[in-house]
Amino acid sequence: MLTEVFQTKHNTAPFSQIKLENYKPAFEKTIAKAKAEVDEIINNSETPTFENTIERLDFSGEALDRLSSIFFNLNSAETCDEMQKIAQDVSPLLTAFSNDISLNEDLFKRVKAVYDQKDRLTLTTEQATLLDKKFKGFSRNGALLSEEDKLKLREIDTELAKLKLTYGENVLAETNNYQLHITNEADLKGLPDGTKEMAASLAKSKGMEGWVFTLDFPSYLPFVTYVENRELRKEIAIAAGKKAFQNNEFDNKENVKRIVELRHKRANLLGYESHSHFVLEERMAQNPEKVKSFLNDLLEKAKPAAQKEFAELTAFAKEIDRIDQLEKWDGAYYSEKLKQKLFSLDDELLKPYFKLENVLNGAFTIAEKLFGIRFKEVFDIDTYHNDVQTFEVLDFQDELVAVFYADFFPRKGKRNGAWMTSFKPQYSRNGVNERPHVSIVCNFTPPSETKPSLLTFNEVTTLFHEFGHALHGMLANTTYPSLSGTSVYWDFVELPSQVMENWCYEPEALALFAKHYLTDEVIPQQYVEKIKESASFLEGMATMRQLSFGLLDIAYHAKVQTIADVKAFEKAAFEGTSLYPDVEENCMSTSFSHIFQGGYSSGYYSYKWAEVLDADAFAYFQEKGIFNQEVATKFKDNVLSKGGTELPMELYKKFRGQEPKVEALLKRAGLVN
């Protein structure tokens with residue numbers, strides 16, 4: 001069943017029919033099928049052409065890709081011990097298959113034969129990009145190596161695949177293993193009623209009295225932001241900071257060292273100076289020197305503002321609570337207090353205006369106004385959990401644009417954070433434009449017994465961010481699956497997501513969805529003005545924090561080194577960006593999943609890089625009107641629909657008419673006048 005086209009509405013995944021024991025045999029069967037498809041290409045007696053080699057290769061392995069996307073997406077959103085065991089079993093099979101392709105000499109010969117005559121071929125821009133990508137896919141992944149070195153590469157890749165899985169499993173286990181149980185209500189002074197109610201409900205579900213708090217964001221963040229009891233804030237903050245850094249069975253220190261070591265070995269084997277040099281060759285930034293220069297240039301501009309803000313925050317904490325030294329567990333608490341003092345604005349005041357259903361419908365309405373699509377909730381598409389909602393995305397002619405899944409609430413077996421993914425890509429073949437199945441997964445505050453899900457403003461921007469990624473996937477309109485949707489350079493992929501966040505600050509957009517959940521009253525204008533005013537509140541500190549993560553990532557990956565002590569290495573990398581005193585028991589690297597489990601190694605800088613793009617892009621919308629059809633159509637046609645069919649800077653210039661300017665970001669962040 002998992003190996004064929006699904007007999008379901010829109011060929012959607014039949015989640016409820018899938019049994020865990022189906023996966024491994026399905027992987028074995030689809031890998032064999034994909035191998036047979038590749039063998040057909042290799043054994044073709046005709047002269048290699050773009051159509052019979054490059055195009056056939058891109059369309060091969062469709063059943064395997066589909067199965068992999070279903071399995072690994074669920075391993076992030078709805079996992080269990082048995083599923084994690086299957087992941088450990090099938091990952092080496094997939095790595096071996098991937099190596100079988102990229103290290104196959106006969107296949108590479110055919111690809112190279114087409115590549116060598118590219119100047120004489122009449123190719124579209126998309127075809128030329130695909131040819132270049134396929135050739136580099138081989139040359140950058142070992143096709144030119146000796147047989148001995150190919151064997152070494154296979155060993156490295158197999159070990160890396162397992163290490164990354166183990167790393168992620170350890171972080172999830174550490175997140176699930178901690179709970180703060182409170183029985184004295186006085187200890188919760190300052191905490192909003194909604195969060196308290198959620199904690200009581202969690203305690204009740206565990207058969208416990210009182211309140212239970214976890215390291216899941218909707219539980220953790222309100223606790224450190226509002227609870228007056230400093231010792232309890234310290235306890236949960238330290239628990240969050242020492243995930244997988246506790247010298248227990250879930251410790252990730254050795255995994256970090258080994259992942260870094262293997263990535264460097266792999267890069268050296270392929271002829272690159274470092275893992276960063278290897279990765280960044282296929283990025284807008286091009287090399288680690290340019291990334292470091294970009295990050296340090298922003299740091300130079302942000303640091304004075306950050307230090308000034310930190311001094312003001314310290315003075316404020318001393319004034320109201322006689323705190324002499326701000327610690328990490330004080331940051332969110334006093335920032336929120338200062339924000340309330342300066343703007344008379346806090347999340348509890350705003351949350352009633354951000355009912356989840358209204359915010360989601362607001363995102364839909366904005367997409368309709370900008371890009372001419374509408375969202376229709378349907379109940380006959382299978383899901384992997386009762387929380388998941390499903391929508392048909394239609395154009396104004398009622399043609400299907402995409403299937404959209406939304407999964408919003410935390411639960412056991414779902415990793416922290418928020419992300420967009422897809423269960424089926426978009427591509428065009430045999431005259432049929434296959435439409436994508438796209439999903440966003442978040443961990444928002446769930447509804448309680450007395451209230452619907454009411455979002456913090458930060459959760460509102462998170463929803464818009466992931467929805468921006470989803471639009472990139474849903475509006476894809478390319479021929480080849482490997483160039484479709486979000487299959488773009490990493491430092492370009494955050495542009496659609498980050499640009500969408502800007503609508504959350506615009507009165508014209510907020511009026512569409514920010515309505516009180518009890519009275520339906522539109523959010524008052526003075527709140528909107530305060531949201532805009534507070535948008536750059538402590539932006540220097542926030543910028544410096546983000547830059548510190550990018551610098552840590554590059555420190556690990558930009559030069560070959562032996563790391564004796566993960567904590568000491570991290571501390572040195574953070575030296576120029578630290579504001580708070582170090583917490584000896586804490587280490588970010590052991591739970592920095594973006595770079596050690598996800599795809600952001602040597603790419604964490606891309607959030608800031610894309611902020612430059614998004615600030616410049618939104619400045620264009622502001623200049624012409626935030627719902628201006630001409631600008632929206634240019635963005636849809638040149639960015640959202642084009643995927644990775646052209647170089648990102650070329651696509652950006654077609655949309656904007658010029659290269660992006662960093663000034664737009666600095667101005668928006670309040671770092672320059």
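Everything numeric here is computed off the predicted structure, so don't read it as measured data. Position 1 is the first residue of the sequence, and the numbers go up from there.
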- Cationic tip of K369 above F627 ring, under 6.0 Å, 45° of axis: yes
Counting only heavy atoms from other residues, nucleotides and ligands, does the tally under 6.0 Å from [atom1] of [X] exceed 12?
X	atom1	value
E300	CD	no
E575	CD	no
R258	CZ	yes

Output yes when [X] and [Y] qualify as a salt bridge under the 4.0 Å nitrogen-oxygen rule, no when they do not.
X	Y	value
E327	K234	no
K654	E646	yes
E506	K532	yes
K567	D582	yes
D614	R668	yes
K351	E348	yes

Just wondering, do [Y] and [X] contact through their side chains at under 4.5 Å, heavy atoms?
X	Y	value
F408	L463	yes
S606	V493	no
I238	N586	yes

Considering non-hydrogen atoms only, spot the tightest contact between [X] and [Y] and give its length.
X	Y	result
A558	H264	N-CE1, 4.3 Å
A305	G540	CB-CA, 4.3 Å
Y489	M284	CD2-N, 3.4 Å
A470	F404	CB-CE1, 4.0 Å

- Message: Let's go through T590 and K243 carefully: what are the C-alpha distance in whole Å and the side-chain angles of both, what is the deciding distance for side-chain contact (heavy atoms from CB on, under 4.5 Å) to 0.1 Å, and is it a yes or a no?
- Response: CA-CA 7 Å; T590 55; K243 281 184 292 195; 5.7 Å; no
Indicate whether any N or O donor in one side chain lies under 3.5 Å from an N or O acceptor in the other, for [X] and [Y].
X	Y	answer
H469	S497	yes
S274	H277	yes
T478	Q426	yes

Tell me every residue that passes salt bridge (charged side-chain N to carboxylate O under 4.0 Å, His left out) with [X], counting only those two or more places apart in sequence or in another chain.
X	value
D346	none
E466	none
K341	none
K265	E261

Using the six-membered ring wherever Trp is involved, compare the ring planes of [X] and [Y] and label them parallel, tilted or perpendicular (cut-offs 30° and 60°).
X	Y	value
F467	F364	tilted
F618	W503	perpendicular
F621	F655	tilted

For [Y], is there any backbone N or O sitting under 3.5 Å from a side-chain donor or acceptor partner on [X]?
X	Y	answer
K636	L370	no
R233	W329	yes
N443	A418	no
N252	Y167	yes
K530	F343	yes
S276	H557	yes
D553	I595	no
E611	L665	no
T129	T645	yes
N477	K642	no

- Query: Could you walk me through whether T461 and Y505 pass the side-chain contact (heavy atoms from CB on, under 4.5 Å) check?
  - Reply: CA-CA 9 Å; T461 57; Y505 297 91; 4.0 Å; yes
Report the distance from atom [atom1] of [X] to atom [atom2] of [Y], rounding to the nearest 0.5 Å.
X	Y	atom1	atom2	answer
K337	D330	NZ	CG	12.0 Å
L299	K292	CG	NZ	14.0 Å
E494	T486	CD	OG1	10.0 Å
F444	L360	CZ	CG	9.5 Å
Y527	L350	OH	CG	7.5 Å
I554	K559	CD1	NZ	12.5 Å

- Apply side-chain contact (heavy atoms from CB on, under 4.5 Å) to H465 and Q498, showing your working. CA-CA 6 Å; H465 179 102; Q498 289 179 191; 3.7 Å; yes
- Below 6.0 angstrom between ring centroids: does that apply to F596 and Y556?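 Centroid distance F596-Y556: below 6.0 Å, so yes.
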- Message: Could you check whether F464 and F513 have their ring centres less than 6.0 Å apart?
- Response: yes
- Task: Identify the residue among K136, R140, Q286 that makes a side chain to side chain donor-acceptor pair (under 3.5 Å) with E281.
- Result: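 It is R140, the one option of K136, R140, Q286 that forms the side chain to side chain donor-acceptor pair (under 3.5 Å) with E281.
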Show me, pair by pair, the donor-acceptor contacts under 3.5 angstrom made by side chains of residues 214-225, not counting sequence neighbours?
{"unit_1": "T214", "atom_1": "OG1", "unit_2": "D216", "atom_2": "N", "d": "3.2"}
{"unit_1": "S219", "atom_1": "OG", "unit_2": "T214", "atom_2": "N", "d": "3.0"}
{"unit_1": "T225", "atom_1": "OG1", "unit_2": "L221", "atom_2": "O", "d": "2.6"}

- How would you list, by chain and number, every residue that makes a side-chain hydrogen bond (donor to acceptor under 3.5 Å, both in side chains) with S548, sequence neighbours excluded? none
- I would like to know whether F592 and Y604 meet ring pair (Phe, Tyr, Trp, His ring centres under 6.0 Å); could you show each step before the answer? CA-CA 11 Å; F592 196 178; Y604 203 85; 5.2 Å; yes
- Pick out which of F294, F492, W490 makes a ring-ring contact (aromatic ring centres under 6.0 Å, His included) with W609. F294
- Message: Go through it in stages, so that I can follow the logic: the residues are H472 and M420, the test is side-chain contact (heavy atoms from CB on, under 4.5 Å), and I'd like the CA-CA distance, side-chain angles, deciding distance and then a yes or no.
- Response: CA-CA 10 Å; H472 202 182; M420 166 266 174; over 6 Å; no
- Using the salt bridge (Lys or Arg N to Asp or Glu O under 4.0 Å) rule, pick out the option among K653, K661, K667, R656 that qualifies with D616. R656
